[in-house]
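Beneath this line is the structure, given in C-alpha cells, with notes to follow.
Numbering of residues begins at 1 and proceeds along the displayed sequence. The basis for the numbers below is simple: all heavy atoms, side chains too, and nothing from hydrogens, waters or symmetry mates. Remember, it's 1-based here, ligands and their atoms both numbered in the order they're listed.
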Amino acid sequence: MIREVIVGTRTPEGDTHLAPMGVHEHEQTLVLAPYRPSCTLDNLLGFNQAVINLCDDVCVYVGCLTGRRDWPMVAAHTVQLQRLRDVPAHIEVEVERVASADSGRPRFYCRKKYVGTHAPFAGFNRAQAAVLEAAILYTRLDRLPTGQVQRELEYLGNAVQKTAGPREQQAWDWLLEGIAAHPGAARK
Ligand SMILES: Cc1cc2nc3c(=O)[nH]c(=O)nc-3n(C[C@H](O)[C@H](O)[C@H](O)COP(=O)(O)O)c2cc1C
C-alpha cells in the first residue's frame, strides 16, 4: 500500500525541504521513490536522512506544490532535520540502500529511527482524498489532455462541495487557481 505523506529532506544549505510523496512499506522498511528531476531526489542522494510527516492537512500538500512552503516546523529527535509541527504523527528515517540510483526513479529503502505520535486518527474525509487526487492531476498538467483534467476536477469537486472543511476548501481553491494559471488552461 502506498501512503501519501509530506517528506522532509535536507538541502545542501541545511534547511528542510518539504514535498508531497508516496511512501510504501516493504518488510519494515519504508521506500521512497522520487522521480528525476526533483529536489527531494537530489537531497536524498546528498544526505541520507529524511522525515516522513504523516500529515492530514491538505493545505500543506497543495501549498508545497503552489509555492506556499512556510509551514510551522520543530526540530526532529534523531535526524538533522525539522518536522512539521502540526501533524498527527511523523517518522524519522535513515536511507540504508538506494536501488536503481541512475534510473528515472531511484528507490530509497529507509530504516525507521524514531516514530512520534502527536494526535489521534481523525477519521477519513472524502474532500481530503479528492484534493490529493486533484493535486496529483496538478503535477501532471503538462502531460494530461485539458479535457480529462476538467472532467476529473468536476467529479472530484462533488466530494469537496459535500464534505470539505475550511482547510480542504482552501487547498481546493489554491489548486483551481494554479490550474487556471497553467499555460494549457485555455485549451479545451
Ligand atoms: C499526493 C502526492 C503524491 C506524490 N508522490 C510522488 C512520488 O511518490 N514521487 C515523486 O517523484 N513525486 C510525487 N509527487 C509529485 C511531487 O510532489 C512533485 O513533483 C513535487 O514538485 C516534487 O517536489 P520537489 O522537486 O520539491 O522534490 C506527488 C504529489 C502528490 C500531490
Side-chain angles (χ1 to χ4, degrees), residues 1-26 29-71 73 81-84 87-91 93 95 98-110 124-144 148-149 152-153 156-157 159-160 164 167-168 170-179 181-184:
M1 179 170 64
I2 295 178
R3 293 182 192 281
E4 309 305 343
V5 301
I6 299 289
V7 176
T9 52
R10 193 173 154 102
T11 68
E13 294 74 36
D15 298 325
T16 297
H17 175 83
L18 298 175
M21 289 279 147
V23 62
H24 85 260
E25 197 146 5
H26 173 79
T29 301
L30 293 177
V31 185
L32 291 169
Y35 283 105
R36 194 180 295 278
S38 69
C39 298
T40 300
L41 172 57
D42 294 344
N43 291 344
L44 282 173
L45 289 172
F47 187 80
N48 72 338
Q49 297 180 336
V51 174
I52 312 287
N53 294 283
L54 304 176
C55 176
D56 60 359
D57 181 356
V58 285
C59 280
V60 181
Y61 292 79
V62 175
C64 287
L65 298 178
T66 57
R68 299 164 174 98
R69 294 184 166 276
D70 195 14
W71 302 103
M73 308 277 276
L81 283 155
Q82 297 202 304
R83 68 163 176 92
L84 283 166
V87 286
H90 82 284
I91 308 171
V93 301
V95 177
V98 188
S100 316
D102 297 328
S103 72
R105 198 176 193 192
R107 299 170 79 77
F108 294 84
Y109 289 80
C110 306
F124 294 112
N125 171 253
R126 289 173 57 208
Q128 289 173 348
V131 170
L132 287 188
E133 284 302 324
I136 302 250
L137 283 180
Y138 178 80
T139 66
R140 297 179 182 165
L141 285 178
D142 286 333
R143 282 171 280 155
L144 293 176
Q148 182 185 339
V149 173
E152 294 195 23
L153 283 178
L156 295 168
V160 175
R167 301 298 284 171
E168 291 71 32
Q170 174 67 87
W172 182 255
D173 292 345
W174 285 345
L175 274 176
L176 293 189
E177 200 181 284
I179 291 168
H182 188 265

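- For a threshold of 3.5 Å applied to N or O pairs, the pair formed by P20 and ligand 1 contains at least one separation below that value.
- In the vicinity of P34, heavy-atom distances shorter than 4.0 Å reach the ligand 1 atoms 9 (N), 10 (C), 11 (O).
- Not a single protein heavy atom sits closer than 4.0 Å to atom 19 (O) of ligand 1.
- Side-chain contact check for H24 versus R107: some heavy-atom pair is nearer than 4.5 Å.
- Between T139 and ligand 1, not a single N/O pair is under 3.5 Å apart.
- Of the protein's heavy atoms, M21 CE, 4.1 Å lies nearest to atom 22 (C) of ligand 1.
- In the vicinity of R105, heavy-atom distances shorter than 4.0 Å reach the ligand 1 atoms 7 (C), 8 (O), 9 (N).
- Contact annotation for A33 and ligand 1: only backbone heavy atoms (N, CA, C, O) come within less than 4.0 Å of the ligand.
- Residue Y61 has no nitrogen or oxygen atom sitting less than 3.5 Å from a nitrogen or oxygen atom of ligand 1, judged on distance alone.
- Close approach to C39 involves these atoms of ligand 1, each under 4.0 Å from a residue heavy atom: 24 (P), 25 (O), 26 (O), 27 (O).
- The nearest protein atom to atom 11 (O) of ligand 1, hydrogens excluded, is given as Y35 N, 2.6 Å; this is a heavy-atom distance.
- Of the polar atoms of L65, none of the N or O atoms is found under 3.5 Å from an N or O of ligand 1, judged by distance alone.
- For atom 27 (O) of ligand 1, the candidate residues are L175, T66, V62, T40; the nearest heavy-atom contact is made by T40.
- Contact check for C55 versus V87: side-chain heavy atoms found under the 4.5 Å cut-off.
- When only interatomic distances are considered, the shortest N/O to N/O separation between G22 and ligand 1 falls below 3.5 Å.
- Atom CZ of R3 sits in a sparse spot, with 12 or fewer heavy atoms from other residues, nucleotides or ligands closer than 6.0 Å.
- Annotation: E4 places no N or O atom under 3.5 Å from an N or O atom of ligand 1; distance criterion only.
- Nearest protein heavy-atom neighbour of atom 31 (C) of ligand 1: A135 CB, 3.6 Å.
- Within the listing of ligand 1, atoms 25 (O), 27 (O) sit less than 4.0 angstrom from a heavy atom of S38.
- Counting heavy atoms from C-beta on, the side chains of F47 and T9 never come closer than 4.5 Å.
- Put simply, part of R69 is less than 4.0 Å from ligand 1, judged by heavy atoms.
- Counting only heavy atoms of the protein, atom 23 (O) of ligand 1 lies nearest to A19 CB, 3.7 Å.
- Within ligand 1, the atoms closer than 4.0 Å to a non-hydrogen atom of H17 are 24 (P), 26 (O), 27 (O), numbered from 1 in the order shown.
- Less than 4.0 angstrom separates some heavy atom of I136 from each of these atoms of ligand 1: 1 (C), 2 (C), 3 (C), 30 (C).
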